[in-house]
Q: 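Handing you this structure, nothing more for now.
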Amino acid sequence: MPYHSTPLDLAFHALSDPTRRAVVSRLAAGEVAVSALAEPFDMALPSFAQHLKVLEECGLIVSEKRGRSRWCRLVPQRFDEAADWMEAERRRWAERLDRLETYLDKTEEEKGHE
């Protein structure tokens with residue numbers, strides 16, 4: 001069975017790396033030139049560019065050339081999709097845990113009446 005990545009799969013894959021999460025955190029403050037974005041990281045610019053490529057391919061960031069510099073910024077809609085999925089999962093698991101708690105309380109009551 002072939003594996004087909006959805007945009008959500010790609011976004012979570014991109015965010016699984018600490019360097020890429022740090023880039024996203026920095027871009028949350030606003031757009032930044034790639035050279036400035038790469039400064040805090042102890043890696044060659046081509047290696048850093050690969051991280052940006054992963055983020056850009058999944059749609060979490062976009063970049064554009066301005067003069068001699070390339071600038072990056074976040075794409076909030078892609079993060080909204082991931083947040084919506086996580087919130088739906090959180091609600092689903094909260095409901096399951098509530099049902100389990102109700103069941104355990106009922107079972108405990110029944111044991112007390114024996």
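Quick note: residue numbers are just sequence positions, from 1.
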Q: Please say which of L37, L52, V54 ends up in a side-chain contact (heavy atoms from CB on, under 4.5 Å) with I61.
A: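 That would be L52; it is the only one of L37, L52, V54 passing the side-chain contact (heavy atoms from CB on, under 4.5 Å) with I61.
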
Q: State the SG-CD distance between C72 and E56, to the nearest 0.5 angstrom.
A: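 Nearest 0.5 Å value for the SG-CD distance: 6.5 Å.
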
Q: Spell out, as yes or no, whether a donor-acceptor pair under 3.5 Å connects the side chain of T102 to the backbone of D98.
A: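 Confirmed, T102 side chain pairs with D98 backbone.
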
Q: Which residue pairs pass the ring pair (Phe, Tyr, Trp, His ring centres under 6.0 Å) test with at least one member in residues 37-73, sequence neighbours excluded?
A: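 Checked against ring pair (Phe, Tyr, Trp, His ring centres under 6.0 Å) - neighbours excluded - the pairs reaching residues 37-73 are F41-F48.
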
Q: Using the test side chain to side chain contact (heavy atoms under 4.5 Å, CB included), find all partners of D84 that sit at least two apart in sequence or belong to another chain.
A: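 With sequence neighbours excluded, D84 shows a side chain to side chain contact (heavy atoms under 4.5 Å, CB included) to no residue whatsoever.
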
Q: Can D9 and T6 be said to form a side chain to side chain donor-acceptor pair (under 3.5 Å), step by step?
A: CA-CA 5 Å; D9 294 333; T6 66; 3.1 Å; yes

Q: Per the ring pair (Phe, Tyr, Trp, His ring centres under 6.0 Å) rule, what does the pair list look like for residues 78-107, sequence neighbours excluded?
A: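 Found F12-W85.
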
Q: Once rounded to the nearest 0.5 Å, what's the spacing between atom CZ of R99 and atom CG of L104?
A: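 If we round to the nearest 0.5 Å, R99:CZ and L104:CG are 13.0 Å apart.
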
Q: Using a 3.5 Å distance criterion without hydrogens, assess whether the side chain of R20 forms a donor-acceptor pair with backbone atoms of A14.
A: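 At least one qualifying donor-acceptor pair exists.
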
Q: Less than 4.0 Å between a side-chain N and a carboxylate O, is that true for R92 and E95?
A: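 Result for this pair is no, no salt bridge flagged.
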
Q: Output the distance between atom SG (C58) and atom CG (L15), rounded to the nearest 0.5 Å.
A: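 These two atoms lie 6.5 Å from each other.
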
Q: Of all the heavy-atom pairs spanning A11 and L60, show the shortest one and how long it is.
A: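 Shortest heavy-atom separation between A11 and L60 comes out as O-CD1, 3.9 Å.
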
Q: Under 3.5 Å, which donor-acceptor pairs do the side chains of residues 22-34 form with other protein atoms, sequence neighbours left out?
A:
{"residue": "S25", "atom": "OG", "partner": "R21", "partner atom": "O", "Å": "3.2"}
{"residue": "E31", "atom": "OE1", "partner": "R66", "partner atom": "NH2", "Å": "2.7"}
{"residue": "E31", "atom": "OE2", "partner": "R66", "partner atom": "NH1", "Å": "3.3"}
{"residue": "E31", "atom": "OE2", "partner": "R66", "partner atom": "NH2", "Å": "3.1"}

Q: Using 4.0 Å as the upper bound for N to carboxylate O, is an ion pair formed by E81 and R78?
A: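 Here R78 pairs with E81 in a salt bridge, since their nearest N and O are under 4.0 Å apart.
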
Q: Among all residues two or more places apart in sequence or in another chain, which pass the side chain to side chain contact (heavy atoms under 4.5 Å, CB included) test with E87?
A: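 With sequence neighbours excluded, E87 shows a side chain to side chain contact (heavy atoms under 4.5 Å, CB included) to R90, R91, given in chain and number order.
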
Q: Which residues pass the side-chain hydrogen bond (donor to acceptor under 3.5 Å, both in side chains) test with Q50, not counting sequence neighbours?
A: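 side-chain hydrogen bond (donor to acceptor under 3.5 Å, both in side chains) list for Q50, sorted by chain: empty.
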
Q: Nearest 0.5 Å, what's the CG-CD distance between D105 and E110?
A: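 The distance works out to 11.0 Å.
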
Q: Establish whether M86 and V75 are linked, either directly or via other cluster members, by ILVMFWY side-chain heavy-atom contacts under 4.5 Å.
A: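 Hydrophobic grouping puts M86 apart from V75.
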
